[in-house]
Amino acid sequence: AIAHIRAMEQHLQFDDTNVVVNILPIDHITPLLTLHIRAVITGAAQVQVDTAAFISNPFIWFDVLQKYGGTHTFSPNFAFKLITDQLALNPGRHWDLSGVKYFKNGGELVSYDVAKAFLNMTEIFGAGEHTFQPAYGLTEASGAITATTGFNDSQVFHLKKGTLTNRPVKTTAADPE
């Protein structure tokens, strides 16, 4: 776990000037390792948000990121979907998220459509493609085992349904069949 944290420090330029914001239960491997233990080791500040508070009011995530100058945060895809749904229903809201270095998305399937909606809706707040970090991990491997620093269409491959058993056939998001 310590080697993982040290490698991620270098990969993400993570140090004691960062502020992590966690909206998940601390006993989930990613908040525990990627946010809490990494912050303890590096001396970074932490803000723990009650998960039930987030579920009932997804905007608390952005409120806390802005208020405390959050630089790193994580959630599975469901939270990105919750917040984009709320942003669609409340288009007048605004936050300054320009200080966020990474919105890590992992722990479940990263949905292309949700990621694109999140980026489209938060770009006005200062969160661009460079801040979105899709990741794949295994609990057995103590968290993320692969991640990218940024997200754009050049990194996404769409494959036609049913082609994985023979030869994968590339397609577009608009034509999955």
Side-chain angles (χ1 to χ4, degrees), residues 1 4-5 8-9 12 14 16-129 131-148 151:
H4 173 85
I5 289 169
M8 292 305 279
E9 279 179 272
L12 302 176
F14 194 92
D16 63 353
T17 65
N18 295 129
V19 177
V20 299
V21 174
N22 177 33
I23 60 170
L24 295 176
I26 197 69
D27 61 352
H28 184 287
I29 186 62
T30 303
L32 179 61
L33 179 64
T34 304
L35 299 177
H36 175 66
I37 294 175
R38 181 172 61 189
V40 168
I41 289 172
T42 61
Q46 312 180 48
V47 181
Q48 305 291 332
V49 176
D50 179 65
T51 304
F54 167 73
I55 298 296
S56 67
N57 175 19
F59 290 147
I60 197 170
W61 193 12
F62 288 1
D63 293 341
V64 169
L65 284 165
Q66 178 176 277
K67 180 178 180 178
Y68 294 100
T71 58
H72 293 75
T73 191
F74 161 82
S75 182
N77 198 73
F78 86 89
F80 293 95
K81 175 81 169 115
L82 275 177
I83 198 123
T84 54
D85 287 349
Q86 287 302 306
L87 288 169
L89 295 171
N90 301 278
R93 300 291 304 260
H94 187 79
W95 295 266
D96 178 4
L97 302 178
S98 60
V100 178
K101 294 178 182 179
Y102 291 108
F103 284 96
K104 182 181 267 187
N105 183 340
E108 64 185 33
L109 176 70
V110 176
S111 164
Y112 173 81
D113 292 337
V114 171
K116 290 303 281 187
F118 178 81
L119 290 169
N120 289 338
M121 291 181 168
T122 59
E123 184 176 32
I124 193 169
F125 311 143
E129 291 179 343
T131 66
F132 194 79
Q133 185 184 46
Y136 173 77
L138 294 167
T139 300
E140 299 83 357
S142 299
I145 57 173
T146 185
T148 183
F151 178 84

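- Not counting sequence neighbours, T122 has no partner by the side chain to side chain donor-acceptor pair (under 3.5 Å) test.
- To the nearest 0.5 Å, atoms NE2 (H72) and CG (N18) are separated by 4.5 Å.
- Among all heavy-atom pairs drawn from V21 and G70, the shortest one is CG2-CA, 3.9 Å.
- Taken to the nearest 0.5 Å, the CG atom of L65 stands 8.5 Å off from the CD1 atom of I23.
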Report task. Begin from the C-alpha positions of L32 and D27 and carry the test side chain to side chain contact (heavy atoms under 4.5 Å, CB included) through to its verdict. Result -> CA-CA 6 Å; L32 179 61; D27 61 352; over 6 Å; no
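- The shortest non-hydrogen separation linking L119 to G128 is CD2-O, 3.5 Å.
- Applying the salt bridge (Lys or Arg N to Asp or Glu O under 4.0 Å) test to residues at least two apart or on different chains, none of the pairs has a partner in residues 70-79.
- Rounded to the nearest 0.5 angstrom, K104 NZ and T131 OG1 are separated by 13.5 Å.
- In summary, the side chains of S98 and D96 do present a donor paired with an acceptor at a separation below 3.5 Å, with no hydrogens or angles considered.
- What you find for N105 and F74 is that their closest heavy atoms are C-CE1, 4.4 Å.
- Nearest heavy-atom pair across P31 and L24 is CG-CB, 3.7 Å.
- For F118, the ring-ring contact (aromatic ring centres under 6.0 Å, His included) criterion is met by F80, F103, F132, not counting sequence neighbours.
- The two residues A45 and A39 come nearest to each other via the heavy atoms O-CB, 4.5 Å.
- Sorted by first then second residue, the salt bridge (Lys or Arg N to Asp or Glu O under 4.0 Å) pairs that include residues 48-67, not counting sequence neighbours, are D63-R93.
- Applying the salt bridge (Lys or Arg N to Asp or Glu O under 4.0 Å) rule to pairs touching residues 79-91 yields K81-D85, sequence neighbours excluded.
- Identified under the side chain to side chain donor-acceptor pair (under 3.5 Å) test for residues 51-62, with sequence neighbours left out: W61-T73.
- Annotation: side chain to side chain donor-acceptor pair (under 3.5 Å) contacts of Q48 (sequence neighbours excluded): N22, Q46.
- Counting non-hydrogen atoms of neighbouring residues, nucleotides and ligands closer than 6.0 angstrom, the CD1 atom of I124 reaches no more than 12 such neighbours.
- Listed here is the closest heavy atom pair of T84 and M121: O-SD, 3.4 Å.
- Side-chain atoms of F125 and V100, non-hydrogen and from C-beta on, never get closer than 4.5 Å to each other.
- Under a 3.5 Å cut-off, the side chain of N77 and the backbone N or O of S111 do form a donor-acceptor pair.
- Remark: F59 pairs with W95 by the ring-ring contact (aromatic ring centres under 6.0 Å, His included) rule, at least two apart or across chains.
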